[in-house]
**Student:** 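Pasting in a structure now, in structure tokens, and then I'll have a few things to ask.
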Amino acid sequence: MRIRGPIVDVGEPRTVGGGTDLVEITIRPERGAADPVRVTLWNKWSETADYAEAGMELLVTDAEESEFQGEVGYETTPDSWVVLEPEFLVDVTAVRSWVQCPRMYYLNKLSGVPLKYPVVKGTVVHEVFGDLLRGRDLEDSIDHRVAEAGLELGALGYDRKEVEDEVRRNAAAVEGWLQQGTLTEEDTWRSEYTLISPTFGIKGRADALRRGMPVELKTGKNTKREPRFQDKMQAACYALMLEEQGVDVEGHSPSGSQTQSGNADTATLLYTKNTALERAEETGDLAPAKEFSVGPGLLKFVVRTRNELAAMEFDAAVPTGFEADARCQYCFEQDTCMVVSGRLDQESKAGQIGKPLPAAERAYFEGFYQGIEAERREVHAEYRKLWEQTAGERAEDDRALLDLEPLDREELPGGRWRLRARKPDDAVSKLRPGDVALASDGDPVSGHAELCRIQSLGTGKAGAEIVVEADEPVDVCRLDVYPSELSVDRMLTALHDGVLKGDPGRKDVLFGRRDPEFSGPQREYVGNNDAQNEAVNLATRAEDFALVHGPPGTGKTYTIAQTVQALIEQGERVLLSAFTNRAVDNALEAVREQGVDDAEIVRFGTESGIREDMQDVRLEQAGDPGERISELRDASLVAATTASCGSRIMREEAFDVALVDEASQLTEPATLAAINLAERFVLVGDHEQLPPVVQAEGGKRWAPEHSAATDGGTAAESGGDGATADRPPRLDLSTSLFERLHEMAPEASVLLDRQYRMAQRIQAFSSREFYDGALRPANGEVAAQRIADLPGVDVDAIPRNLRGSVSFVDPDGERAGNTNPTEADRVAEVVDQFVAAGVDEEDIGVIAPFRAQVAEISRRVDATVDTVDRFQGSSEEVIIVSFVATGELSGPIYDDPRRMNVALTRAKKSLVLVGDAGALSSDPFYDRMLDWARREL
DNA sequence: GCTCTGCGAAGAGGA
């Protein structure tokens, strides 16, 4: 049986008769009696006691009931697996680097995989290997895959020919091996096999499976008889997961598709620099392929190693680091290792370089590290939904599209597949075209699943056709969101780059040790708006940073365009960034409209993320290395999301100024990803609108005084005499850097106070509640605009209660979950009434707090319907807000008034609030809103 | 009890 639960107590390891080790761990089982129960771990599993501690989750499979001294408990059997913290999903490559050296694991995590030639070449060879397995022609594949890596190769100074030759030599070893009778009629192959293990808490992608057994490609040389230990561990991880899955793999062989199940007791490592094929018979050492048997002992060692790693991650604290028995002498990470040790004042075998961080910086680093790791756990929780979802919850969950009917599959040139499926119902999900998703036969964990990219989802209606592309074919019965740790990884590397490697002068201003400085002459950039003109001056004269505070409709985007143009004219190289692709494209559009030469501009990012009209300046990554990299390096303006700024390529770029839009929606580490690349920075945002989305409750609030570094650590520098001395700055993921600096250095900030969007009545509430009344209409025309101004509108045809610029409607509905159908009906009726009076449906927007209500309303109207969060940044002539709540305002969505500030400031001429007066009047803020909305009745 | 966008992900190596 399986036993699982949080650990209450860890006993002392003991040795009993005949030298058998055991340890008793007390856990509180999740099922049945709540009483703690004793679990005896025998033999090697007793090692778990070395790192297990109270609070960690323990899972024991195949446990047996046992009685000892009259007490009933459980014990491991020879078939048991013991897993610590199974919910922490360890990556296979993490296990690999951990066995090499635990510090290497941490360093990779902190500093990311750098832009180095062996990495890029290795990736290319892996891709060629996959292509070969999928039947692609070798030369065609090499040509294509080397071209794809064009930009990275260019950044490394390589030319295409030499890389092609080297890849060809590596691939020849693979191809030779494949042709050496190994690829027979009986062989079944799968490339790029995604594995996720709920039991062992491991995930990863095997390079290939042959007859259901893992094959791992290594683009190096290994002349020893045995594979390298860390390579064996990696392959054994896959073998372990395959065994759990009871692999039943659909693969293809030269004779066509067939199904075969295998027992993963053998794994193969392919060392592509071992090229002595002709002598392979007599000298097994030099043959590229090394097979080895994966016995139960190795598998258990894999699990114990993984447990050790998961236990070390338990408290989500900055690693103190130890090297186990690694030898540093030949380590490629030596430099990084010494720098990190030096900055964090850690002991390390390799030694330390540089001075330890001042206490305030140390606290900052540790606090954000923990916040980011808490977010990582939230990503792991998303993975759990892949297997925890039960039939009963299906209707509520929107992370997957279920019960799809597979249609056809089509092989694309290059060996990829286009797969189609039909959606039987009108279910909506978070999935969107361009997303990476997991397409499966219905069971994404133990069934057949493939990573894919969504091409199209049709409409939300029943019968819509779904199209995805994947490396291998699968009957698409289900499509899941594929959770990614990418953004947490990028935040971590940005934190590393900013704090451990960051420029001391930059850190002085970020930590309030020095005031931001400005220099140079004032000029007139904007003639008719003093605040905007001041903003451009502040941004262009900033020696350190400038902040532009732009409330709704105040011409933020125009100000950005003016600023970027002015900076480029000063001869500066500019990075334009924001959290979302949409925001980046919007800002870039304004810059282009301003007349900045297209030849100066590069839009960096994925093809599917970038808007159609910006594709012409998008940097194509594939092509000639030299050409690709000069296109990037020669651009005076590079526009990219903050996530892209953390990419290997962008981390190597340098700018004079980074300008970040919608900076108030970015976590501080995400902002660092952009500003790390520049000497100076300008943040544009509004902290009175939506803050960054943070998942983890614990990650939202922490104060530096609670951090380990402040007691003890380096007391030499205490953080200076800035804001930090008076009261600790608000350092948490849900406070943006924009907001923090705005409080710390108000003199570096300009408020854009004139808005060009809303009628006077509409803006009044927001101005009073959020901007101390400072927000005002830019001119009389803006202030006095009315719905009657819209062409073809007959005001008399609009019901009297909706004629004013702000109105309130109580539909007397009932909240049901996150929807309110009666209210949705009433919203649709209001839309119809406006349309009947001649308002173009395209000029109407509907906003609701919940996605479920958005879906409810979308079924009834053709106007744009979206959540508040997704409406930020845009506006419509007429806006209708659905509040959903009845009776009381229960739910976190109502807690943050800034969300309402966004919803209420999207309308230009008419704003209709649809909600339950009882619920709204139950909260002082919403009650004031109600007063304001009703006053005009 | 909610809101959510990014990213192909994983990719290497010597004594």
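Chain naming here is simple, since letters A, B, ... match the order of the sequence lines and numbering starts at 1 in each.
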**Student:** Any idea which of B:dG1, B:dA12, B:dA10 is nearest the A:S890 side chain?
**Tutor:**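 Of the candidates, B:dG1 comes closest.
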**Student:** With no hydrogens and no angle check, do the side chains of A:S644 and A:S647 hold a donor and an acceptor under 3.5 Å apart?
**Tutor:**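 Their side chains do not contain a donor-acceptor pair, so the 3.5 Å distance test is not met.
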**Student:** Rounded to whole Å, please give me the gap between CG in A:L195 and P in B:dA9.
**Tutor:**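 A:L195 atom CG is separated from B:dA9 atom P by 16 Å.
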**Student:** Where the side chain of A:R870 is defined as all heavy atoms beyond and including C-beta, which of B:dC7, B:dT5, B:dC2 is the nearest nucleotide?
**Tutor:**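 Of all the options, the side chain of A:R870 is nearest to B:dT5.
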**Student:** Report the residue (A:L217 or A:E127) whose heavy-atom-nearest nucleotide on DNA chain B is the more 5′ of the two.
**Tutor:**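 Nearest nucleotide further toward 5': that of A:E127.
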**Student:** With sequence neighbours excluded, tell me which residues meet salt bridge (Lys or Arg N to Asp or Glu O under 4.0 Å) with A:D686.
**Tutor:**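 With neighbours one apart ignored, the set is empty.
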**Student:** Between B:dC4, B:dT5, B:dC7, which one does the side chain of A:T580 approach most closely?
**Tutor:**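 Looking only at heavy atoms from C-beta outward on A:T580, the closest nucleotide is B:dT5.
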**Student:** Quickly work out the A:R228 CZ to B:dG14 P distance and round it to whole Å.
**Tutor:**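 Whole-Å distance recorded here is 7 Å.
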**Student:** Once you round it to whole Å, what is the distance between P of B:dG6 and CD of A:E607?
**Tutor:**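 The distance from CD of A:E607 to P of B:dG6 comes to 15 Å, rounded to the nearest Å.
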**Student:** Closest to the A:V119 side chain: B:dA12, B:dG8, B:dG6?
**Tutor:**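 Looking only at side-chain atoms, A:V119 lies closest to B:dA12.
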**Student:** Please give, in whole Å, the distance from B:dC4 C1' to A:R399 CZ?
**Tutor:**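 The distance from CZ of A:R399 to C1' of B:dC4 comes to 11 Å, rounded to the nearest Å.
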**Student:** Just the rounded figure in Å: distance from P of B:dA10 to NE2 of A:H126.
**Tutor:**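 Value for this atom pair: 12 Å.
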**Student:** May I ask you to verify if any side-chain N or O of A:R453 is less than 4.0 angstrom from the OP1 or OP2 atom of B:dC7?
**Tutor:**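 No, outside the criterion.
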**Student:** Can you list everything that forms a salt bridge (Lys or Arg N to Asp or Glu O under 4.0 Å) with A:E620? Sequence neighbours excluded, please.
**Tutor:**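 So A:E620 forms a salt bridge (Lys or Arg N to Asp or Glu O under 4.0 Å) with A:R618.
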**Student:** State which of B:dG6, B:dG8, B:dC2 makes the closest approach to the side chain of A:S487.
**Tutor:**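 Looking only at side-chain atoms, A:S487 lies closest to B:dG6.
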**Student:** How close or far is atom P of B:dC2 from atom CD1 of A:I893, stated in whole angstroms?
**Tutor:**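 Answer to the nearest Å: 9 Å.
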**Student:** Is the shortest side-chain N/O distance from A:T606 to OP1 or OP2 of B:dC7 below 4.0 Å?
**Tutor:**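 Checking A:T606 against B:dC7: at least one side-chain N or O falls below 4.0 Å of OP1 or OP2.
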**Student:** Let's see if you can work this out: which of B:dG14, B:dA10, B:dT3 has an atom nearest to the side-chain heavy atoms of A:T867?
**Tutor:**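 Of B:dG14, B:dA10, B:dT3, B:dT3 is nearest to the side chain of A:T867.
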**Student:** Select one nucleotide: of B:dT3, B:dA12, B:dA9, the one nearest the side-chain heavy atoms of A:Y482.
**Tutor:**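 Side chain of A:Y482 sits closest to B:dA9.
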**Student:** Please tabulate, for the side chains in residues 114-126 of chain A, all donor-acceptor contacts under 3.5 angstrom to protein atoms that are two or more places apart in sequence or on a different chain.
**Tutor:**
residue: A:Y117; atom: OH; partner: A:E166; partner atom: OE1; Å: 2.8
residue: A:K121; atom: NZ; partner: A:E166; partner atom: OE2; Å: 3.1
residue: A:T123; atom: OG1; partner: A:V119; partner atom: O; Å: 2.8
residue: A:H126; atom: ND1; partner: A:G122; partner atom: O; Å: 2.8
residue: A:H126; atom: NE2; partner: A:D207; partner atom: OD2; Å: 3.0
residue: A:H126; atom: NE2; partner: A:L217; partner atom: O; Å: 3.1

**Student:** Any side-chain donor-acceptor pair under 3.5 Å between A:E472 and A:S191?
**Tutor:**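 Yes - a donor-acceptor pair under 3.5 Å links their side chains.
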**Student:** Might you work through the salt bridge (Lys or Arg N to Asp or Glu O under 4.0 Å) test for A:R96 and A:D91, ending with a clear yes or no?
**Tutor:** CA-CA 9 Å; A:R96 179 181 199 270; A:D91 217 278; over 6 Å; no
**Student:** If you check every side-chain atom of A:T641, which of B:dC7, B:dT3, B:dT5 has the closest atom?
**Tutor:**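 Of the options given, the side chain of A:T641 lies nearest B:dC7.
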**Student:** Checking A:E652 now: which residues fulfil side chain to side chain donor-acceptor pair (under 3.5 Å) with it, not counting sequence neighbours?
**Tutor:**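 Counting only residues at least two positions away or on another chain, A:E652 forms no side chain to side chain donor-acceptor pair (under 3.5 Å).
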**Student:** Among the nucleotides B:dT3, B:dT5, B:dC7, which one has an atom lying closest to any side-chain atom of A:V436?
**Tutor:**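 It is B:dC7.
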**Student:** Check every atom of B:dA12, B:dA9, B:dC2 against the side chain of A:R899 and return the nucleotide holding the closest atom.
**Tutor:**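 So the side chain of A:R899 is nearest to B:dC2.
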**Student:** For the pair made of CZ in A:R648 and P in B:dA9, what is the distance, rounded to whole Å?
**Tutor:**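 My rounded result for the distance is 13 Å.
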**Student:** What I want to check is whether an N or O donor and acceptor connect the side chain of A:Q695 with the base of B:dC4 at under 3.5 Å.
**Tutor:**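 Check passes, donor-acceptor contact within cut-off.
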**Student:** What residues form a ring pair (Phe, Tyr, Trp, His ring centres under 6.0 Å) with A:Y105, not counting sequence neighbours?
**Tutor:**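 Per chain and number, A:Y105 pairs via ring pair (Phe, Tyr, Trp, His ring centres under 6.0 Å) with A:W98.
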**Student:** Classify the nucleic acid contact of A:D471 as base, sugar-phosphate or nothing, counting any heavy atom under 4.0 Å across all strands shown.
**Tutor:**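 Since a base atom lies under 4.0 Å of A:D471, the category is base.
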**Student:** Think A:N581 has a side-chain N or O under 4.0 angstrom from the OP1 or OP2 of B:dG6?
**Tutor:**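 Answer is yes, contact under 4.0 Å.
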**Student:** DNA chain B: stems of at least 3 consecutive Watson-Crick or G-U pairs, cut-off 3.5 Å?
**Tutor:**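 Stem list for DNA chain B: none, no run of 3+ pairs.
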**Student:** With a 4.0 Å cutoff (strictly under), does any side-chain N or O of A:N818 reach OP1 or OP2 of B:dC2?
**Tutor:**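 Result: yes.
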